[in-house]
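Before any comments, here is the structure.
Only a predicted model underlies this, so the values are computations on that prediction, with no experimental measurement involved.
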Amino acid sequence: MRILIDECINPRRAVRLRSALPGHLIATVRERGWAGRKDPWLVQEAQSGFDIFIAIDKGFAFEHNLGKISLGIVVVETDTNQMPSYERILPELLAAVPVIQPGEVQYVLNPAAT
């Protein structure tokens, strides 16, 4: 799997995912030089090189035509942008990666954030 992590997510998350998902290509929007780009542009570009886009935009499913997206979208919600908040949702995030389908949005919610 090829996974792109949105710029609003703590960039250290990529390091942690690389260790948790060996054999997967994991990149961040910043690493790709795409920082500051809006979601429609990111999604369009990401479709040519990635299978999954991880974002924090809870309204993603309502803002995009999912039927035309060839990426699986994982929306994460944490109580802070600090690493402990991401660690609490890591098992659910890892479980979403192998099963998400193109055009599908899965939500990974931190119980402390809901």
Side-chain angles (χ1 to χ4, degrees):
M1 290 274 175
R2 299 160 300 164
I3 301 169
L4 180 64
I5 301 173
D6 201 2
E7 71 180 299
C8 295
I9 295 175
N10 188 317
R12 292 184 300 167
R13 177 79 289 168
V15 174
R16 180 68 172 99
L17 283 177
R18 287 179 185 124
S19 68
L21 295 169
H24 290 54
L25 173 85
I26 299 169
T28 68
V29 166
R30 289 184 192 275
E31 290 168 345
R32 300 290 294 195
W34 297 343
R37 301 289 187 146
K38 300 291 184 195
D39 277 354
W41 188 93
L42 286 173
V43 169
Q44 185 65 34
E45 289 299 309
Q47 290 182 92
S48 64
F50 294 92
D51 304 301
I52 299 172
F53 182 57
I54 300 175
I56 61 170
D57 184 0
K58 291 184 278 187
F60 196 97
F62 306 105
E63 298 166 358
H64 301 276
N65 183 347
L66 299 178
K68 294 185 177 185
I69 294 177
S70 64
L71 295 167
I73 309 297
V74 177
V75 176
V76 298
E77 182 177 351
T78 60
D79 51 341
T80 71
N81 202 26
Q82 302 303 312
M83 288 304 289
S85 292
Y86 288 104
E87 285 300 313
R88 286 191 283 276
I89 64 167
L90 183 61
E92 291 82 7
L93 179 58
L94 294 176
V97 168
V99 297
I100 193 156
Q101 298 296 310
E104 178 182 30
V105 176
Q106 285 196 18
Y107 296 88
V108 175
L109 308 175
N110 181 344
T114 58

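Listed by first and then second residue, the ring-ring contact (aromatic ring centres under 6.0 Å, His included) pairs involving residues 5-30 amount to none (not counting sequence neighbours).
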Can you check side chain to side chain contact (heavy atoms under 4.5 Å, CB included) on Val43 and Leu71, steps first, answer last? CA-CA 8 Å; Val43 169; Leu71 295 167; 4.3 Å; yes

May I have the step-by-step check of side chain to side chain contact (heavy atoms under 4.5 Å, CB included) for Leu90 and Arg13, ending in yes or no? CA-CA 10 Å; Leu90 183 61; Arg13 177 79 289 168; 4.3 Å; yes

Could you walk me through whether Arg16 and Glu87 pass the side chain to side chain contact (heavy atoms under 4.5 Å, CB included) test, one step at a time? CA-CA 9 Å; Arg16 180 68 172 99; Glu87 285 300 313; 2.9 Å; yes

Residues Ile54, Leu17; criterion side chain to side chain contact (heavy atoms under 4.5 Å, CB included); working and verdict: CA-CA 11 Å; Ile54 300 175; Leu17 283 177; 4.0 Å; yes

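Here the closest heavy-atom approach between residue Val74 and residue Ala96 is recorded as CG2-CB, 4.3 Å. For the pair Glu77 and Ile89, the tightest heavy-atom approach, listed with the atom from each and the gap, is O-CG2, 4.3 Å. When all heavy atoms of Ile56 and Cys8 are compared, the closest pair comes out as CD1-CB, 3.5 Å.
Counting heavy atoms of neighbouring residues, nucleotides and ligands inside a 6.0 Å radius, atom CD of Gln44 does not exceed 12 of them.
Considering only heavy atoms from C-beta on, Leu4 stays 4.5 Å or farther from Gln47 through its side chain.
In this structure, CD on Gln106 lies 11.0 Å from CD1 on Ile73, to the nearest 0.5 angstrom. Taken from OG1 in Thr78 to CG in Leu93, the straight-line distance is 11.0 Å, to the nearest 0.5 Å. Distance check: Met1 CE to Leu25 CG gives 12.0 Å after rounding to the nearest 0.5 Å. The line from OG1 of Thr28 to CG of Asn10 is 11.0 Å long, rounded to the nearest 0.5 Å. Within the model, atoms OG of Ser70 and CD of Gln101 stand 12.5 Å from one another, a figure rounded to the nearest 0.5 Å. The structure places CG of Leu109 at 13.5 Å from CZ of Arg88, a figure rounded to the nearest 0.5 Å.
Under 4.0 Å is where a charged nitrogen must lie from a carboxylate oxygen, and between Arg37 and Glu7 no such pair does.
Val29 and Val15 fall into different hydrophobic clusters, defined by Ile, Leu, Val, Met, Phe, Trp and Tyr side-chain heavy atoms under 4.5 Å apart, directly or through other members.
When Asp39, Ile3, Ile100, Ile69 are each tested for a side chain to side chain contact (heavy atoms under 4.5 Å, CB included) with Phe53, only one passes: Asp39.
Taking Arg32 as the reference, nothing meets the side-chain hydrogen bond (donor to acceptor under 3.5 Å, both in side chains) condition, with sequence neighbours excluded.
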